[in-house]
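In what follows, a structure is listed as structure tokens, so that the remarks can point back to it.
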Amino acid sequence: MTASKRKRTAYLFVGPFLALFTVFFLFPLGYELRLSLFRNVMGVNSFAGLSNYRLAFHDAAFWHGMARVGLFGLLQLITVQGLGLVFALLLDGPWIKAKSVFRLIYLLPYAVPGVIAALMWGFLLAPGLDPMLKLLGSVTGGVAPNLLASGFLLYVIVAIVTWEWAGYNMTLYYAGLTALPLEIYEAARLDGCTEFQLALRIKVPMLQTMVGLTVLLSIIGALQLFTEPYILSGITPVSPTYTPNLYAYNMGFNYGNFNYAATLSFILAMITLAATGGFLWLRSQRGRFRAS
Amino acid sequence: MTVTTALQRQQHRSAVGRRGNLAKTVLYTIVLIVGALYFLFPLVWLTVSTTKTSPELFNSSIFSVHGQLWRNFRALFAYQGGIYWRWYLNSILYAGVTASLSTLVSALAGFGLSNYRFGLKRLTQGMILVALLVPGSVLSIPLFLVIRDMDLLNTYPGVILPFIGSAFGVYFMRIYSASAFPQEFLDAGRIDGASDVRIFFQLALPMLLPGLVTLFLLAFVGTWNNFFFALLVLSSRQLYPVTLGLANWAANIANPSAVAPPPYMLLLTGALCSIFPLLILFPWLRRYITAGGLTGGIQL
């Protein structure tokens with residue numbers, strides 16, 4: 001077969017993906033950028049230059065939302081990745097019986113759609129519905145605390161997301177630990193390494209690619225937070241600008257301003273790309289530093 | 001990486017078992033039990049709640065089991081001409097079709113990228129990486145407009161088409177194909193006179209099967225849980241997936257000025273039922289998704 005014929009065959013394989021990717025990713029990406037440079041006044045589109053971006057830059061609600069998902073991302077890193085890692089290390093150590101029971105239970109929330117998880121927790125915590133808060137109320141003497149009040153809401157969402165993903169991460173980490181060669185452990189033990197040192201000095205570093213991958217997914221997930229606050233807004237008042245994604249959604253679909261909504265989305269995309277790209281770059285730098 | 005067998009690990013465990021002392025065993029077991037209660041609590045509450053009537057839900061203690069389960073199921077079946085089951089079938093359709101097609105497209109492209117050189121190869125791989133690093137939902141506004149201009153708003157293809165060309169799927173299959181179907185196999189097939197397309201379908205696909213199953217399951221779960229885009233594209237209740245339908249019922253749950261009280265029991269029974277399909281897939285999810293995590297994690 002000639003080289004040019006091979007190339008044609010290659011496009012036969014890659015073509016369907018490239019076509020779909022162009023129509024449903026590249027084109028919308030360009031379209032979003034274009035939308036963000038226009039303004040719609042009384043149904044007439046006119047070029048607006050960077051004025052939407054100037055507006056967004058001074059839009060305090062947008063940056064509050066951004067700071068909120070940033071904080072959310074950090075907390076989630078501690079609870080989802082941190083707890084996942086702790087659970088995996090505990091299960092991998094010599095202490096625990098009935099490991100498979102714990103592993104099964106911890107992964108169960110993975111079968112629950114995010115919408116349903118948010119609904120259940122919303123139900124459990126909503127004042128007025130509150131089966132759980134009644135319990136709390138009887139402890140504190142009458143008045144149940146409102147955990148969905150605006151000051152607490154973010155932590156409730158962290159708890160929901162932790163419930164959804166900690167077990168999944170534990171499962172991945174545990175599988176990673178199981179794939180490590182035993183010889184390393186033997187050698188470490190012969191050198192008098194305790195279980196704790198073993199976990200910290202050997203198991204955690206060996207898991208770092210896997211942890212890195214889940215952290216990356218976690219950053220992306222945190223910045224696009226939408227489903228949980230959206231669902232909870234049916235149960236408790238949630239600001240329409242609570243997260244950048246929620247803000248863009250409301251701006252586009254409730255206020256009909258697609259141009260400004262596209263601007264907010266595009267900024268969010270660039271910030272996410274900077275965060276994830278920066279994370280990957282940092283990791284590669286560290287790898288290079290170690291190697292040299 | 002050497003993978004040790006389960007038996008070896010077991011022997012190893014019992015050999016080191018002596019090292020774990022009792023106090024630690026008790027402490028760590030308690031920690032894990034607390035974790036287990038956290039993960040189980042909402043699910044147990046949900047299951048118990050579906051055995052109650054709406055007044056019982058608010059006036060009985062949380063974990064008292066009542067006898068209304070069957071009644072709630074029947075009510076869910078009958079409500080608004082069985083709309084819930086329509087949603088259920090929609091969800092299965094969306095998840096099944098999206099997962100099948102995106103797995104096929106990803107396998108084709110992954111195979112192509114790992115076995116051929118062509119002009120757009122580097123560019124394609126670069127774009128895939130960028131797409132991986134950006135959440136899909138940031139494109140939902142232009143994507144909505146594209147779907148609208150294609151006249152696909154409020155149709156089945158409108159929810160399915162945008163998710164078939166998956167950057168993650170191609171990225172995953174490229175890595176998987178490179179390890180499970182080395183280039184030499186393609187060369188050998190060519191020497192035997194088979195066309196590349198035939199080699200792909202008859203030789204490569206069977207060898208890529210575990211990867212295909214992983215990808216199918218990931219896409220199935222992803223679509224089953226998808227909510228955001230369906231919310232934008234679908235306006236007719238007949239086309240809703242389960243997630244969107246339930247969110248719709250829940251929208252006014254705590255609104256005291258709502259005309260009728262929200263259908264609490266339908267909502268909770270519906271929520272419980274929406275978990276079943278993924279629970280049925282659970283044994284496969286466990287096996288294949290950890291395998292998928294390992295493959296993806298090694299490369300990135």
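Here is the naming used below: chain letters follow the sequence lines, and residue numbers restart at 1 for every chain. Owing to the predicted nature of the structure, the values given are computational and were not obtained by experimental measurement.
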Under 4.5 Å heavy-atom distance to chain B, tell me which part of Leu273(A) shows up: side chain, backbone, both or neither. both
Side chain, backbone, both or neither: which part of Ala159(A) has an atom under 4.5 Å from a heavy atom of chain B? both
Thr214(A) versus chain B, heavy atoms under 4.5 Å apart: side chain, backbone, both or neither? neither
Given ring-ring contact (aromatic ring centres under 6.0 Å, His included), test Tyr230(A) with Phe227(B) step by step and report yes or no. CA-CA 11 Å; Tyr230(A) 180 87; Phe227(B) 166 71; 5.5 Å; yes
Engaged part of Leu108(A) at the chain B interface, taking heavy atoms whose separation is under 4.5 Å: both
Counting only N and O atoms by type, is there a donor-acceptor contact under 3.5 Å from the side chain of Trp95(A) to the main-chain atoms of Thr29(B)? no
dist Leu90(A):CG -> Lys24(B):NZ (nearest 0.5 Å) comes out at 11.0 Å
Examine whether an atom of Val115(A) lies under 4.5 Å from a heavy atom of chain B, and if so say whether it belongs to the side chain, the backbone or both; otherwise answer neither. side chain
Do Val138(B) and Gln224(A) make a side-chain contact, defined as non-hydrogen atoms from C-beta onward lying under 4.5 Å apart? no
For Ser265(A), enumerate each residue passing the side chain to side chain donor-acceptor pair (under 3.5 Å) test, keeping only those at least two apart in sequence or located in another chain. none
Of the backbone (N, CA, C, O) and the side chain (C-beta and beyond), which part of Met150(B) lies under 4.5 Å from a heavy atom of chain A, both, or neither? side chain
Answer with side chain, backbone, both or neither: which region of Phe226(A) has an atom nearer than 4.5 Å to a non-hydrogen atom of chain B? side chain
Identified side chain to side chain contact (heavy atoms under 4.5 Å, CB included) counterpart of Phe17(A) within the set Ile128(B), Leu113(B), Leu108(B): Ile128(B)
With a 4.5 angstrom heavy-atom cut-off, is it the side chain or the backbone of Phe279(A) that approaches chain B, or both, or neither? neither
Validation row: Thr25(B), Ile96(A) side chains within 4.5 angstrom (heavy atoms): no
Under 3.5 Å, which donor-acceptor pairs do the side chains of residues 139-147 of chain B form with other protein atoms, sequence neighbours left out?
residue	atom	partner	partner atom	Å
Ser140(B)	OG	Ser137(B)	O	2.8

Could you look at Arg103(A) and say if it's the side chain, the backbone, both or neither that has a heavy atom under 4.5 Å from chain B? both
Select, from Leu217(A), Leu264(A), Leu104(A), the one with the greatest count of heavy-atom pairs under 4.5 Å involving chain B. Leu104(A)
Pair Phe123(A), Trp45(B) - check ring-ring contact (aromatic ring centres under 6.0 Å, His included), show working. CA-CA 10 Å; Phe123(A) 239 100; Trp45(B) 170 79; 5.8 Å; yes
Highest number of heavy-atom pairs under 4.5 Å with chain B among Phe253(A), Tyr110(A), Phe27(A), Trp163(A) belongs to Trp163(A)
Please tell me if the side chains of Tyr31(A) and Asp149(B) come closer than 4.5 Å, counting only heavy atoms from C-beta onward. yes
Under 4.5 Å from any heavy atom of chain A - which part of Leu120(B): both
Run the ring-ring contact (aromatic ring centres under 6.0 Å, His included) check on Tyr11(A) and Tyr116(B) step by step: do they pass? CA-CA 9 Å; Tyr11(A) 286 111; Tyr116(B) 296 88; 9.7 Å; no
At a heavy-atom separation under 4.5 Å, does Tyr38(B) approach chain A through its side chain, its backbone, both, or neither? both
In terms of heavy-atom proximity below 4.5 Å to chain B, should Ile105(A) be classed as side chain, backbone, both, or neither? both
Of the backbone (N, CA, C, O) and the side chain (C-beta and beyond), which part of Tyr106(A) lies under 4.5 Å from a heavy atom of chain B, both, or neither? both
Counting heavy-atom pairs under 4.5 Å to chain B, which of Pro113(A), Gly15(A), Gly212(A) comes out on top? Pro113(A)
Let me know if Leu12(A) has heavy atoms under 4.5 Å from chain B in its side chain, its backbone, both or neither. side chain
What's the spacing between Ser177(B) OG and Phe13(A) CZ if we round to 0.5 Å? 9.5 Å
Are any of the side-chain heavy atoms of Pro42(B) and Leu124(A) separated by less than 4.5 Å? yes
